[in-house]
Amino acid sequence: MTVFLVGAGPGSADLLTLRALRTLERAEVVVHDRLIGAEILALVPSSAEVYDVGKTPGGPDNQDAINELLVRYGRTGRTVVRLKGGDPFVFGRGGEELAVLAGAGIDWAVVPGITSAFAAPLAAGIPVTHRGSSCGVVVVSARGCERDPELARLAAAGLTIVILMGVARRGAIAAELIEGGLDPATPVAVVESASTPEERVQRATVGELPAMTVTSPAVIVIGAVAALDLVGGTASR
Ligand code: SAH
């Protein structure tokens with residue numbers, strides 16, 4: 001194996017999986033995203049070459065350059081770790097990177113991570129599928145099918161909606177859901193920087209979402225469960 005696509009979890013180093021830690025500890029080259037914090041980077045061997053290829057939301061897309069870097073180092077046979085926030089296959093473009101590696105004939109492996117889609121609600125004491133309040137959960141990116149009227153229908157039918165990358169578009173998302181028939185009084189929780197010292201939880205309603213002050217990265221939870229706090233915000237600690 002030469003290139004490992006590793007999920008780093010939501011932020012806190014103790015939410016890495018053992019496999020992620022062991023892979024990181026033998027890395028010779030690390031290519032990481034913007035959301036990987038200092039606590040996790042401190043676990044990288046000091047002998048490793050480390051590249052920060054983080055993209056800023058709305059900034060230039062350097063995916064081609066990242067792919068090139070992975071192929072270049074993958075060909076050297078060194079142990080390359082492509083470190084991504086959360087789980088590498090949840091809105092992380094991990095699948096695209098693997099396809100490029102496979103196309104170049106480079107060996108690869110994927111190490112799963114704890115996704116912020118579930119860790120962030122949990123940090124706020126929200127069980128995303130709490131029996132009696134929610135019959136399921138839908139995870140969407142605010143750059144995809146959030147405009148689909150079907151989403152409002154699913155939310156109105158009692159499914160929990162978890163939105164990633166939704167900070168900038170939260171006003172439009174709320175408007176589209178309400179237009180699609182969702183009650184503006186539906187509970188919302190916004191969880192910023194889950195599992196890090198900057199973690200912050202705010203609760204409101206869909207009608208209030210556009211006017212909220214939110215700092216990225218944040219996960220937006222919509223549905224009856226968003227009003228719950230079963231652990232007083234301490235479950236992640
Ligand atoms: N693969 C990642 C998601 C990448 S998309 C995962 O599985 O978690 C980036 C988005 O993830 C951010 O815009 C934000 O919505 C969310 N996110 C990542 N880390 C977060 C954290 N610690 N707290 C809240 N949201 C987070």
Side-chain angles (χ1 to χ4, degrees), residues 4-17 19-20 24 31-41 52-59 61-63 66 81-98 110-126 128 137-146 151 160-174 188-204 209 212-223 225-226 229 233-237:
F4 292 83
L5 201 61
V6 176
S12 180
D14 62 1
L15 290 178
L16 281 169
T17 64
R19 193 183 295 179
L24 207 53
V31 180
H32 71 86
D33 283 344
R34 192 175 55 90
L35 289 178
I36 309 297
E39 197 192 0
I40 288 175
L41 292 177
D52 176 358
V53 294
K55 293 173 221 161
T56 35
D61 183 343
N62 57 349
Q63 190 63 48
I66 295 171
V81 169
R82 171 71 174 113
L83 194 58
K84 291 174 161 298
D87 183 273
F89 277 4
V90 178
F91 299 122
R93 301 187 70 167
E96 293 167 49
E97 291 175 7
L98 282 196
V110 186
V111 178
I114 297 177
T115 178
S116 64
F118 297 141
L122 183 147
I126 299 168
V128 286
V137 57
V138 183
V139 179
V140 295
S141 135
R143 297 174 193 170
C145 53
E146 85 286 357
L151 198 61
T160 304
I161 310 290
V162 173
I163 302 171
L164 272 62
M165 293 181 274
V167 172
R169 289 210 69 246
R170 65 189 180 283
I173 292 167
V188 166
V190 178
V191 189
E192 297 169 2
S193 298
S195 88
T196 78
E198 286 75 45
E199 179 178 300
R200 182 167 79 129
V201 180
Q202 300 182 79
R203 292 181 204 263
L209 181 59
M212 292 171 77
T213 304
V214 183
T215 305
S216 194
V219 164
I220 300 169
V221 186
I222 297 176
V225 296
D229 180 358
T234 58
S236 64
R237 272 151 230 146

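Hydrogens, waters and symmetry mates play no part in the numbers below; they use all other heavy atoms, side chains included. Read the numbers this way: they start at 1 and go in the same order the structure lists the ligands and their atoms. The structure presented is a predicted model; accordingly, all values stated were derived computationally and were not measured.
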Under a 3.5 Å distance rule, please check whether [X] uses its side chain to pair with a backbone N or O of [Y] as donor and acceptor.
X: Gln63; Y: Glu97; answer: no
X: Lys84; Y: Gly7; answer: no
X: Asp52; Y: Gly54; answer: yes
X: Arg170; Y: Val167; answer: yes
X: Glu199; Y: Ser193; answer: no
X: Ser116; Y: Gly86; answer: no
X: Arg19; Y: Val111; answer: no
X: Asp87; Y: Thr115; answer: no

- Task: Tell me, please, which residues at least two apart from Val201 pass side-chain contact (heavy atoms from CB on, under 4.5 Å).
- Result: Ala124, Val191, Arg203
Going by distance only, is there an N or O of [X] that falls short of 3.5 Å from an N or O of ligand 1?
X: Ser116; value: yes
X: Val90; value: yes
X: Pro10; value: yes
X: Gly85; value: yes

- Task: Name the option, out of Gly94, Pro121, Gly86, that contains the heavy atom nearest to atom 6 (C) of ligand 1.
- Result: Gly86
Go through ligand 1 atom by atom and flag the ones less than 4.0 Å from a non-hydrogen atom of [X].
X: Ala194; value: 21 (C), 22 (N), 23 (N), 24 (C)
X: Phe91; value: 4 (C), 5 (S)
X: Thr115; value: 6 (C), 7 (O), 8 (O)
X: Val219; value: 24 (C), 25 (N)
X: Val191; value: 24 (C)

- Message: I need the nearest protein heavy-atom contact for atom 15 (O) of ligand 1: residue, atom name and distance, please.
- Response: Ala218 O, 2.7 Å
- Note on the structure: atom 10 (C) of ligand 1 sits nearest the protein heavy atom Met165 CG, 3.8 Å
- What part of Ser193, side chain, backbone, both or neither, has a heavy atom within less than 4.0 angstrom of ligand 1? backbone
Whether [X] lies under 4.0 Å from ligand 1, heavy atom:
X: Gly11; value: no
X: Asp87; value: yes
X: Ser195; value: no

- Enter the distance from Ile163:CD1 to Arg169:CZ here, rounded to the nearest 0.5 Å. 9.5 Å
